[in-house]
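Notes follow once the structure below has been shown.
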Amino acid sequence: MQNTPDHQGASPGAIRSVVVAGGGTAGWMAATYLAARLEGRGITITVLESHEIGTIGVGEATVPAIRDFFRMIGLHDFDVLRATGGTPKLGIDFAGWGGEDTRFFHPFGLYGLSSRGVPFHQYWLKLAHGGLVRDLGDYSLCTEMACNGAFMLPVDNPVNDLAVFDWAVHFDASRFAAMLRDLGQQRGVRLIDDVITRAVRDGETGHITSLETRGGLSIAGDLFIDCTGFRALLLGEAMGSAWVDWTDMLPCDRAVAMPCAASGGFDQPYTTSTARKAGWQWRIPLQHRVGNGYVYSSAHISDDEAAATLRAHLEGEALAEPNLIRFGAGHRREFWRGNCIGVGLAAGFLEPLESTSITLIQTALEKLVDLFPNCACDPALADEFNRATTLEYERIRDFLILHYHANGRHGEALWDHMRAAPPPEKLAHKLSLWRARGKLVRYEWEAFFDPSWLSMYAGFGIMPAAHDPMADHFTDQQVVEALDHMREAIRAAAAHARPARDFLARLAPQASRA
Ligand code: FDA
């Protein structure tokens, strides 16, 4: 049977109109993604946003999957970098998390080479257990480039199998939303600028039938995507999906953000996360400015002190007044209820320690298309969406908690509390297997794979009691030689990378490549 190319042959009850409430990063990612994936099916897409209300205005660091999103909606990485003042990101530099004056790097890439089915890190552990301690970062091209302030595209990496890495981007969130708005409108997405006052529901099914606006409009639709940010006007307010609160596990509940001028130009192709007394500070380098923010627990520091701390640590002139943002960690119990799906902050939030909110928008949209309903919205589809998304949130939550649980900052109330708090069950299981024999465990719907967990364990100095005995089929001397060889190969590959600012300078409009 052939796929139906347009709506003429669509089955009765097929979705004909999708209404996206909210035009922040989530709303425009939803509109452009659905326009691309649903093309030719005769489905109209409407975005209802309000310039009066505006967007949250933060959310500038991503993970590599964002580049798949660009491709899916027909954008080239370089177009995004140019239009948004963006820069490449190789990972995150964690400063002060293991104690003042410590730092380690979480790279977007692999460490070393496995051999005989035994993961690389088991050989690295074998040497450490024999007193031959090596810096794990020496076996990561990504880390090596980041340390050098250098960048190249993975296709320019001359040592492919050994030095596998990926990259993400930093971008100006408002420029990104504007870029997607233009693209969406070019692709036929209808834009309405008005304030939503009410969601009207069908008395029998409970489905949303239309959104009423302050301007007197009534926008009807078959499927509603709630992208109204923390307000969650549709999923939370109208549909009553309860909030699952995780602030006991992740107590940071506020952020103060303040961009500043870049000192000395762009030379750090990575995000920096610096631990502070009551939380941590982000640094996100863009072409035209640096994004900064202090994420903190309001139980441990006042707003004024947090703002003063951030201001004191800016590298250049502040470009705006401090922007105070309140939030809580958690998510809606049901991400999809009836004919309403929450995406972005309307669905949930985890502090931006690993830049995961935008990737959660992306995976929500991928899952939605995978489970795309008809007008009946069979609850089985929603159940699967909710099951998978809950797991995804829990996995990320646990990865974030590890950062706090393993901290080495003694004598500061927040950090002492987080070290003492028992880890959630799945994280405790992972930690016990790592501590026993360096075993890395991956569950379904993990956003972070083995190298990310390894970077944390090694970065925090959590060393297992033993290594995999299978690594013992090589002698220490053989492993030393193999690892030395890998380190040299990675250094040689890194020498091909150029200063990161040169990479940006080469992003002239005609420099696009396939
Ligand atoms: P957002 O609030 O931006 O948009 C909501 C939209 O709904 C707006 O268009 C608004 O006008 C509209 N709206 C609301 N009520 C309405 C009404 N009644 N009528 C009409 N329209 C209405 N993520 C990440 O991946 N990397 C990062 O580095 C960070 N950093 C970060 C820092 C901090 C402090 C926070 C709080 C969050 C982040 N995030 C992040 C998360 C990121 O900011 C977020 O995921 C995206 O910006 C998406 O936001 P939304 O579009 O969901 O909400």
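When a ligand or atom number is given, it counts from 1 through the structure's own listing order. In this text the structure is predicted, and so the values were computed from the model without any measurement.
- Where the criterion is an N or O separation shorter than 3.5 Å, residue side chain and backbone included, Val58 meets it with respect to ligand 1.
- Annotation: Phe327 places no N or O atom under 3.5 Å from an N or O atom of ligand 1; distance criterion only.
- Nearest approach of Tyr294 to Tyr296, heavy atoms of both residues: O-CD2, 3.2 Å.
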message: With ring pair (Phe, Tyr, Trp, His ring centres under 6.0 Å) as the criterion, how do Phe165 and Phe108 come out once you've worked through the C-alpha distance, each side chain's angles and the decisive distance to 0.1 Å?
response: CA-CA 6 Å; Phe165 74 98; Phe108 295 139; over 10 Å; no

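- Trp97 pairs in a ring pair (Phe, Tyr, Trp, His ring centres under 6.0 Å) with only one of the listed residues (Phe104, Phe105, Tyr404), which is Tyr404.
- Distances shorter than 4.0 angstrom occur between a heavy atom of Val195 and an atom of ligand 1.
- Here the protein heavy atom with the shortest distance to atom 16 (C) of ligand 1 is Ile53 CD1, 3.3 Å.
- Under the 4.0 angstrom criterion for non-hydrogen atoms, Val63 is not in contact with ligand 1.
- An N or O contact shorter than 3.5 Å links Ile196 to ligand 1 by distance.
- For ligand 1, the polar-atom distance check against Gly23 finds a nitrogen or oxygen pair separated by under 3.5 Å.
- Considering backbone and side-chain atoms alike, Phe230 places every N or O at 3.5 Å or more from each N or O of ligand 1.
- In the vicinity of Arg231, heavy-atom distances shorter than 4.0 Å reach the ligand 1 atoms 14 (C), 15 (N).
- With ligand atoms numbered from 1 in the order given, ligand 1 contributes 48 (C), 50 (P), 51 (O), 52 (O) to contacts under 4.0 Å with heavy atoms of Ala26.
- Closest heavy-atom approach to atom 20 (C) of ligand 1 within the set Thr228, Leu353, Asp194: this belongs to Asp194.
- The pair Arg395-Asp398 fails the salt-bridge criterion, with no side-chain N (NZ, NE, NH1 or NH2) lying under 4.0 Å from an Asp/Glu carboxylate O.
- Interatomic distance, Leu400 CG to His405 NE2, rounded to the nearest 0.5 Å: 14.5 Å.
- With a heavy-atom cut-off of 4.0 Å, Cys227 touches ligand 1 through its backbone alone.
- Note on ligand 1: Trp28 sits outside its first shell, no heavy atom being nearer than 4.0 Å.
- Residue nearest to atom 40 (C) of ligand 1, selected from Gly22, Ala257, Gly59, Gly229: Gly59 (by heavy-atom distance).
- Nearest non-hydrogen protein atom to atom 4 (O) of ligand 1 is Gly24 CA, 3.7 Å.
- The residue Glu52 has no part lying near ligand 1, judged by heavy-atom distances below 4.0 Å.
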- request: Start with the C-alpha gap between Glu334 and Arg387, add the side-chain angles, then the distance that decides, and say whether salt bridge (charged side-chain N to carboxylate O under 4.0 Å, His left out) holds.
  value: CA-CA 9 Å; Glu334 290 159 287; Arg387 184 193 73 84; over 6 Å; no

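- Within the 4.0 Å heavy-atom cutoff, Gly54 counts among the residues contacting ligand 1.
- With rounding to the nearest 0.5 Å, the separation of CG in Leu110 from CZ in Phe449 is 11.0 Å.
- Close contacts between ligand 1 and Glu60 involve ligand atoms 27 (C), 28 (O) [criterion: under 4.0 Å to a heavy atom].
- When hydrogens are left out, the protein atom nearest atom 36 (C) of ligand 1 is Phe349 CZ, 3.6 Å; that is the closest non-hydrogen contact.
- Salt bridge status for Asp166 with Arg67: present, with a side-chain N to carboxylate O gap under 4.0 Å.
- In this structure, Trp453 and Tyr457 have tilted ring planes: the angle between them lies in the 30° to 60° band.
- Taking only nitrogen or oxygen atoms, main chain and side chain alike, Leu233 does not reach within less than 3.5 Å of ligand 1.
- At a heavy-atom cutoff of 4.0 Å, ligand 1 is contacted by both the backbone and the side chain of Ser357.
- Of the polar atoms of Ile56, at least one N or O is found under 3.5 Å from an N or O of ligand 1, judged by distance alone.
- Distance check, rounded to the nearest 0.5 Å: OG1 of Thr359 to CD of Glu366 gives 7.5 Å.
- Judged by the 6.0 Å and 45° rule, Lys426 forms a cation-pi pair with Tyr443.
- At a threshold of 4.0 Å, the pair Glu39-Arg187 does not count as salt-bridged, since none of the basic side-chain nitrogens sits closer than that to a carboxylate oxygen.
- Between Ala61 and ligand 1, an N or O atom pair is found at a separation short of 3.5 Å.
- In this structure, Glu49 CD and Ile196 CD1 are separated by 10.0 Å, a value rounded to the nearest 0.5 Å.
- Polar contact check, Leu345 against ligand 1: a nitrogen or oxygen pair lies under 3.5 Å apart.
- The nearest protein atom to atom 30 (N) of ligand 1, hydrogens excluded, is given as Pro352 CB, 3.3 Å; this is a heavy-atom distance.
- Between Lys89 and Glu60 there is no salt bridge, since no side-chain nitrogen of the basic residue lies less than 4.0 Å from a carboxylate oxygen of the acidic one.
- Note that NE2 of His331 is 9.5 Å distant from CG of Asn386, once rounded to the nearest 0.5 Å.
- With hydrogens left out, the protein atom closest to atom 46 (C) of ligand 1 is Thr25 CB, 3.9 Å, a heavy atom.
- Geometrically, ligand 1 and Ser50 share a nitrogen or oxygen pair separated by less than 3.5 Å.
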